Structure formats: structure tokens, C-alpha cells
Amino acid sequence: MQAAVVEAPGTPPVLQERPLPTRGEGGVVVAVSAAPIVPLDLLCASGASYFGVPSVPYVPGVQGVGVVAEGTAGLVRGTPVWFATSAGMQPGDGSMRAFAAVPEHDVVALPAGADPVLVAALGLSAVAAWMALTFRGGLTAGERVLVLGAGGVVGQAAVQLARSAGAGRVIAAARSERARERARQLGADVAVPLDTATDDPADVAALAERMGADGPVDLVVDPLFGVPAAAAVRALRPHGRLVNLGSSAAETAPLDSATLRSRSLRVLGYTNNELTPPQRAEALAHVVAEVLAGRLTAAHERVSLSAVTAAWTRPGDRVVLVP
Ligand SMILES: NC(=O)c1ccc[n+]([C@@H]2O[C@H](COP(=O)([O-])OP(=O)(O)OC[C@H]3O[C@@H](n4cnc5c(N)ncnc54)[C@H](OP(=O)(O)O)[C@@H]3O)[C@@H](O)[C@H]2O)c1
């Protein structure tokens with residue numbers, strides 16, 4: 001079968017022939033229909049992640065969608081499924097191959113009718129957006145939510161999921177006008193440009209003013225950190241919350257103590273890795289239900305698995321590999 005293989009950390013995967021995987025005890029074999037390339041895949045394969053340098057060669061792909069080819073009593077052949085893997089975080093192979101062997105607890109049955117490529121594009125990015133809003137962020141109906149990085153998949157999902165969860169106001173912040181326009185179409189009330197910020201305190205203050213121009217916010221969903229996060233905390237109302245779930249802009253942020261303590265703010269971290277398999281399955285079920293209800297989508301591009309090397313670091317919409 002065809003598989004994308006990382007042969008050395010820091011190099012893009014190449015297409016190779018690999019033997020078919022065997023089911024193993026407590027596992028299923030999934031015929032893969034769609035495997036997204038997500039920031040975590042790039043980070044793990046770079047060798048610079050906090051999981052350490054991956055054992056090579058390995059097949060990347062921390063998630064995928066497919067159909068059970070060899071099942072169990074609980075997950076019979078032909079069942080459409082989403083699955084997670086630890087590829088790049090622990091030794092073992094991931095989703096970017098024609099067939100994947102996965103432990104049953106990492107497999108979630110999908111309802112009929114969900115587009116596998118769209119579900120793959122959203123996957124753990126949408127799970128993180130949903131859990132950052134609710135499980136960690138404690139969103140309640142009527143609250144005002146600011147979504148940073150609204151052009152990315154976490155951001156697109158957060159805008160839509162905040163809206164459908166009853167947020168009173170959704171403010172989207174993104175670098176490009178294209179991303180801001182898309183955020184408005186996805187339900188944001190206001191879209192704020194992020195593009196002129198430096199870490200100069202005057203620029204941080206100016207960005208904070210733009211973010212808060214619509215009124216102080218209750219909750220920030222932050223996949224960026226860096227200057228955007230530092231500005232966003234200044235747009236929070238007293239006792240407001242910022243949930244950080246990524247560092248697409250920077251690993252550190254120039255947060256100022258006066259803002260944090262004078263408003264008794266809460267800056268919280270979130271990772272999908274803390275979820276139990278049942279929690280993750282429940283969150284994914286919500287994501288898929290929103291897709292089926294027509295309330296959740298994400299811009300994505302379908303690309304043949306054979307083109308993985310060229311697609312690996314291509315900028316633009318989320319790439320979903322199709323074997
Ligand atoms: N904690 C978790 O469990 C979890 C789960 C999923 C994802 N994440 C993390 O969340 C982050 C976003 O994930 P994603 O799936 O949304 O990725 P994505 O689709 O690749 O989006 C990345 C976003 O970051 C923005 N960005 C990159 N550099 C920036 C900068 N210097 N200033 C401002 N914006 C910048 C991009 O803006 P442009 O569109 O303008 O390029 C884009 O909107 C990643 O760091 C990812 O690892 C965490």
C-alpha cells in the first residue's frame with residue numbers, strides 16, 4: 001500500500017510502498033479516506049516538538065477518517081470512523097497511508113452522511129475550539145467571545161461554534177482581509193485586522209483598542225499567543241478569561257501584570273491531549289453534529305496522498321490528503 005514516510009526529522013515525507021498493517025490485539029484496521037496535514041504533524045516531524053525527536057522512519061498523521069476494513073464486535077467492517085494516532089509523539093505510524101491499524105479506544109464511529117474530507121479538515125482543530133470555548137473557557141449564553149487567528153481552522157471553528165453555542169457577540173481577529181471576510185460569512189459580528197502589530201507597547205495598546213472597540217469581551221480563544229494574546233487580554237472585562245491552545249504567532253507573549261491583576265483575569269492553557277477517549281469522542285460527536293446541521297465548515301483543499309511532499313508545508317487552506 002502507499003504511505004507517506006518521514007525518513008529524517010526536519011524533512012518532508014515521501015511516498016513509499018509499505019506492507020499492509022495487521023489489526024493487532026484490541027485494534028481495528030481502517031481503510032483511510034482522508035488525512036489532514038495539521039500544525040502538530042509539521043511540529044512533530046520537525047524534531048523540535050516538546051514530545052522530542054520522533055523515531056524514524058515513520059508515517060505521520062495524528063488523525064484521519066475512513067471506513068473499518070477489519071473490525072471488532074463493537075466496530076464492524078464498513079463502519080465510517082474518525083480516528084486519532086500518536087504518530088510523531090510516540091513511536092508508531094499515523095494516518096497518512098491507505099490503511100491504518102488503530103487501537104479501538106482511539107476510533108470514533110461517525111453517523112452516516114458526514115463528508116469524510118470535511119470531518120478530517122475540522123477534526124482535532126474543531127474539538128480544541130469547542131473544548132476551549134466550553135470545557136476550559138466556560139462559555140455561557142450571551143457572552144462576548146474574541147477569536148484570534150480566525151483564518152485558521154481552530155479560528156474558523158471557534159467563530160461558528162461560539163455562535164451556535166449562544167455567544168452574544170463574536171469578534172474575529174485575523175491577518176488577511178480574505179480571512180476576515182470569511183469570518184464574517186461564518187457568523188462573526190466584527191472582524192479586526194491583526195496585521196500591523198509589533199511588540200512595541202504602543203502597537204500592543206493600539207491592537208488592544210481595536211480588539212475592544214466593540215466593547216469588552218468575556219472570553220478569548222487564542223491559538224496564536226505572542227502580541228495578539230497580549231493585546232487580547234487588554235480587551236477583556238474584569239474576571240474575563242483567555243484560553244491559549246497554540247503558539248502560531250510566538251512561544252512567548254508580552255503580557256503586562258497591571259492588566260492581569262487589576263481586572264483579576266484568568267489566562268488558561270488547553271490541550272486535546274488531556275482529554276480521555278470518551279471526552280474526545282463526545283466533543284467530536286458535537287463537531288460532526290454541527291457539520292450535519294450545516295452550522296460548521298472549514299476551508300480546505302483535497303490533495304492526493306501521492307502529492308504529500310509538495311503539499312507538506314504549502315501555505316493556504318487546510319490540506320486533506322486522500323489516498
Ligand atoms: N491545544 C490543542 O489541543 C490544539 C489543537 C489543535 C490545534 N492547536 C494549535 O492551534 C494553532 C492553530 O491551529 P489551526 O489548526 O487553526 O492551524 P492553521 O489552520 O494552520 O491556522 C494557523 C493560524 O495562525 C495564524 N498565524 C500564523 N502566524 C501568525 C502570526 N505571526 N500572527 C498572527 N497570526 C498568525 C494564521 O494566520 P494566516 O491565516 O494569516 O496565515 C492562521 O490563522 C496551532 O498552533 C496548533 O498547533 C492546538
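Both backbone and side-chain heavy atoms feed into the values below; hydrogens, waters and symmetry mates do not. The structure displayed is predicted, hence computed values, not measured ones. Just so you know, ligand 1 is whichever comes first in the structure, and atom 1 is the first atom listed for that ligand.
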- Query: Mind checking whether S247 has a heavy atom under 4.0 Å from ligand 1?
  - Reply: yes
Just list the side-chain donor-acceptor pairs under 3.5 Å for residues 218-232, sequence neighbours left out, or say none.
| from | atom 1 | to | atom 2 | distance (Å) |
| --- | --- | --- | --- | --- |
| D218 | OD1 | R237 | NE | 2.4 |
| D218 | OD1 | R237 | NH2 | 3.3 |
| D218 | OD2 | R144 | N | 2.7 |
| D222 | OD1 | L224 | N | 2.8 |
| D222 | OD1 | F225 | N | 2.8 |
| D222 | OD2 | F225 | N | 3.4 |
| D222 | OD2 | N244 | ND2 | 2.8 |

- Between I171 and M211, which heavy-atom pair has the shortest distance, and what is it? CG2-O, 4.3 Å
- Query: Is the shortest distance from a Lys or Arg side-chain nitrogen in D317 or R182 to a carboxylate oxygen in the other one below 4.0 Å?
  - Reply: yes
- Query: Considering only protein heavy atoms, which is closest to atom 10 (O) of ligand 1, and at what distance to one decimal place?
  - Reply: P223 CB, 3.7 Å
- Message: Check the orientation of H286 and W130. Use parallel for under 30°, tilted for 30 to 60°, and perpendicular for over 60°.
- Response: parallel
- Give the single entry among Q156, M131, R175, R178 that approaches atom 40 (O) of ligand 1 most closely by any heavy atom. R175
- Task: Check the pair E181, R184 against salt bridge (charged side-chain N to carboxylate O under 4.0 Å, His left out), reporting the backbone distance first and the verdict last.
- Result: CA-CA 5 Å; E181 178 51 33; R184 286 184 207 103; 2.9 Å; yes
- Message: Below 3.5 Å, N or O to N or O, backbone or side chain included: is there any such pair between L245 and ligand 1?
- Response: yes
- Message: Quick check on R178: does its CZ atom have over 12 non-hydrogen neighbours (other residues, nucleotides or ligands) under 6.0 Å away?
- Response: no
- So which heavy atom in the protein is nearest atom 19 (O) of ligand 1, and how far is it from that ligand atom? V153 N, 3.0 Å
- Message: Checking side-chain polar atoms at under 3.5 Å, does Q160 have a donor or acceptor matched by the opposite partner on Q156?
- Response: no
- Quick check: does S176 get an N/O under 3.5 Å from an N/O on ligand 1? no
- Shortest non-hydrogen contact between R97 and A101, atoms and distance: NH2-N, 3.6 Å
- Please work out whether any backbone atom (N, CA, C, O) or any side-chain heavy atom from C-beta onward of A128 is under 4.0 Å from ligand 1, and answer side chain, backbone, both or neither. side chain
- Near R318, which atoms of ligand 1 are under 4.0 Å from a heavy atom of that residue? 14 (P), 15 (O), 17 (O), 18 (P), 19 (O)
- Below 4.0 Å from any atom of ligand 1, is there a heavy atom belonging to T271? yes
- atom 43 (O) of ligand 1 has as its nearest protein heavy atom G152 N, 2.9 Å
- With H300, which residues qualify under ring-ring contact (aromatic ring centres under 6.0 Å, His included), at least two apart? none
- ligand 1 atoms nearer than 4.0 angstrom to some heavy atom of G151 are 43 (O)
- Starting from atom 25 (C) of ligand 1, locate the nearest protein heavy atom and write down its residue, its atom name and how far away it is, to 0.1 Å. L224 CD2, 3.6 Å
- Nearest-contact summary for atom 20 (O) of ligand 1 - protein heavy atom, Å: P39 CG, 3.8 Å
- Task: Run the numbers for me: atoms of ligand 1, each under 4.0 Å from some heavy atom of N272, listed by number.
- Result: 2 (C), 3 (O), 5 (C)
- Which residue holds the protein heavy atom closest to atom 7 (C) of ligand 1, what is that atom called, and what is the gap in Å? V154 CG2, 3.7 Å
- Query: Any side-chain heavy-atom pair from V108 and R280 closer than 4.5 angstrom?
  - Reply: no
- Item | Minimum-distance protein heavy atom relative to atom 44 (C) of ligand 1 | S248 OG, 3.3 Å
